Undergrad: 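Encoded as structure tokens, here's the structure I'll be asking about.
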Amino acid sequence: MNFYIGNSIDEINEQDINVEFCDELIDFIYKISGQVSFDMSKLYQIDPYDDVEVSKNDLFQMAEICKYILDTALLQDYGEPDEGRRMLQNLLEIIQKAMSRDLGLVSIGD
């Protein structure tokens, strides 16, 4: 799936900057979510196969999830930990850009 800045699917420009986020990483985050007391549902509940509008009201919590995973050793058991960190860092950056523009994100599924 790819994340774009915008409040709705009609608003996004597919030529704009976007962040690719692989389905395997979403699955991995869902699996490890039971091992930690930190709520990561705002991220793992995004359907990687559908187009999903993420409200600007949810972005702060999504940013906190990315920071939490990046600041802990949770990715050590992920198949490609460096790739996972890169995707989370890129997602965090686009979240911060969307927040600075007072916009949400749109996830375009595979």
Side-chain angles (χ1 to χ4, degrees):
M1 66 182 158
N2 290 67
F3 286 97
Y4 295 84
I5 295 175
N7 288 324
S8 70
I9 293 166
D10 297 334
E11 265 185 35
I12 65 166
N13 177 352
E14 292 198 23
Q15 307 307 316
D16 271 354
I17 60 164
N18 67 86
V19 170
E20 186 173 348
F21 208 84
C22 76
D23 307 346
E24 292 82 13
L25 185 54
I26 289 286
D27 291 342
F28 180 79
I29 291 169
Y30 174 73
K31 288 176 187 161
I32 63 170
S33 67
Q35 303 169 15
V36 296
S37 59
F38 194 85
D39 180 9
M40 296 189 275
S41 62
K42 289 284 185 212
L43 184 55
Y44 70 69
Q45 286 181 346
I46 296 172
D47 185 344
Y49 305 107
D50 198 5
D51 298 342
V52 178
E53 296 170 357
V54 179
S55 165
K56 64 183 179 182
N57 299 329
D58 292 335
L59 293 185
F60 179 79
Q61 189 173 358
M62 282 184 61
E64 292 300 303
I65 294 166
C66 292
K67 290 176 192 174
Y68 179 78
I69 296 170
L70 287 166
D71 291 345
T72 60
L74 290 173
L75 288 178
Q76 70 187 6
D77 294 329
Y78 182 62
E80 297 181 38
D82 291 338
E83 182 74 8
R85 274 189 285 281
R86 185 188 60 75
M87 283 187 276
L88 283 163
Q89 188 62 48
N90 291 343
L91 179 58
L92 179 57
E93 288 171 13
I94 201 168
I95 288 170
Q96 291 168 334
K97 286 177 186 172
M99 289 170 62
S100 72
R101 296 182 194 173
D102 200 33
L103 293 169
L105 289 180
V106 176
S107 168
I108 303 298
D110 297 334

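Side chains are part of it too, since the values below use all heavy atoms of this structure and drop only hydrogens, waters and symmetry mates. Since we're looking at a predicted model, the values are computed, not measured.
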Undergrad: Do Q61 and D39 touch side chain to side chain, with heavy atoms closer than 4.5 Å?
TA: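 The answer is yes, as the side chains (C-beta and beyond) meet within the 4.5 Å cut-off.
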Undergrad: Just verifying a value: how many Å separate E53 CD and I46 CD1, rounded to the nearest 0.5 Å?
TA: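 The CD atom of E53 sits 12.0 Å away from the CD1 atom of I46.
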Undergrad: Which pair of heavy atoms, one from G104 and one from A98, lies closest together, and at what distance?
TA: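 Taking every non-hydrogen atom into account, O-CB, 3.7 Å.
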Undergrad: Sequence neighbours left out, what passes ring pair (Phe, Tyr, Trp, His ring centres under 6.0 Å) with F38? Give chain and number order.
TA: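 In terms of ring pair (Phe, Tyr, Trp, His ring centres under 6.0 Å), with neighbours along the sequence ignored, F38 is linked to Y68.
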Undergrad: From L59 CG over to Q96 CD, what is the distance, rounded to the nearest 0.5 angstrom?
TA: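 Taking CG in L59 and CD in Q96, the distance rounds to 10.5 Å.
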Undergrad: Quick one: CD1 on I69 to CE on M87, what's the gap to the nearest 0.5 Å?
TA: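 Atom-to-atom, I69:CD1 and M87:CE are 11.0 Å apart.
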Undergrad: Quick one: does any side-chain atom of D51 pair with a main-chain N or O of I108 as donor and acceptor, under 3.5 Å?
TA: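 Side chain of D51 to backbone of I108: no pair is present.
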Undergrad: Under a single-linkage definition using a 4.5 Å side-chain heavy-atom cutoff for Ile, Leu, Val, Met, Phe, Trp and Tyr, are Y44 and L70 assigned to the same hydrophobic cluster?
TA: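 Result: yes, single cluster for both.
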Undergrad: Cluster question for you: counting only ILVMFWY and a side-chain heavy-atom cut-off of under 4.5 Å, with indirect links fine, are F3 and Y30 together?
TA: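 Same cluster.
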Undergrad: Provide the closest heavy-atom pair for I29 versus F21 in the form atom of the first, atom of the second, distance.
TA: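 Heavy atoms of I29 and F21 come nearest at CD1-CZ, 4.3 Å.
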Undergrad: Hey, is CD on Q89 packed in by over 12 heavy atoms from elsewhere, all under 6.0 Å?
TA: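 Counting neighbours around CD of Q89, more than 12 heavy atoms of other residues, nucleotides or ligands fall under 6.0 Å, so yes.
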Undergrad: To the nearest 0.5 Å, tell me how far I5 CD1 sits from L105 CG.
TA: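 Reported to 0.5 Å precision, the distance equals 6.5 Å.
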Undergrad: Which pair of non-hydrogen atoms, one from V106 and one from N7, has the smallest distance, and what is that distance?
TA: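 Nearest heavy atoms, V106 then N7: CG2-C, 4.3 Å.
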Undergrad: Can you get from Y78 to V19 by hopping between Ile, Leu, Val, Met, Phe, Trp and Tyr side chains that sit under 4.5 Å apart?
TA: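 Cluster IDs for Y78 and V19 match.
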Undergrad: Would you check if the side chain of Q76 reaches a backbone N or O of P81 as a donor-acceptor pair within less than 3.5 Å?
TA: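 Side chain of Q76 to backbone of P81, a donor-acceptor pair under 3.5 Å: no, none is there.
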Undergrad: Could you go through I9 and Y4, starting from their C-alpha distance and side-chain angles, then the distance that decides it, and tell me whether this counts as side-chain contact (heavy atoms from CB on, under 4.5 Å)?
TA: CA-CA 9 Å; I9 293 166; Y4 295 84; over 6 Å; no
Undergrad: Write down the atom of Y49, the atom of D23, and the distance for their closest heavy-atom approach.
TA: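 Scanning both residues completely, I find the closest heavy atoms to be CE2-OD2, 3.4 Å.
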Undergrad: Within a strict 4.5 Å, meaning less than it, do heavy atoms of the L43 and M62 side chains meet?
TA: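 A side-chain contact under 4.5 Å exists here.
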Undergrad: Quick check on the hydrophobic clustering: are M40 and L75 connected, directly or via other members, by side-chain heavy-atom contacts under 4.5 Å?
TA: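 Yes, M40 and L75 fall within the same hydrophobic cluster.
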Undergrad: If hydrophobic clusters are built from ILVMFWY residues whose side chains come within less than 4.5 Å, do L92 and L88 share one?
TA: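 Yes; tracing contacts between hydrophobic side chains, which count when under 4.5 Å, links both residues.
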Undergrad: Examine distances only and state if a side-chain atom of D50 and a backbone atom of V52 form a donor-acceptor pair shorter than 3.5 Å.
TA: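 No: the side chain of D50 does not pair with the backbone of V52.
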Undergrad: Which heavy atom of M1 sits nearest to which heavy atom of D47, and what is that distance?
TA: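 In terms of heavy atoms, the two residues are closest at SD-O, 4.5 Å.
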Undergrad: Indicate the atoms forming the closest heavy-atom contact of C66 with I95, along with that distance.
TA: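 The answer is SG-CD1, 4.3 Å.
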Undergrad: Answer yes if the side chains of D10 and S8 hold a donor-acceptor pair under 3.5 Å, and no otherwise.
TA: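 Result is no, nothing qualifies.
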Undergrad: Nearest 0.5 angstrom please: K97 NZ to L103 CG, how far?
TA: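 Going from NZ on K97 over to CG on L103, the span is 13.5 Å.
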Undergrad: Quick one: CD1 on I32 to CG on D77, what's the gap to the nearest 0.5 Å?
TA: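 CG of D77 is found 9.0 Å from CD1 of I32.
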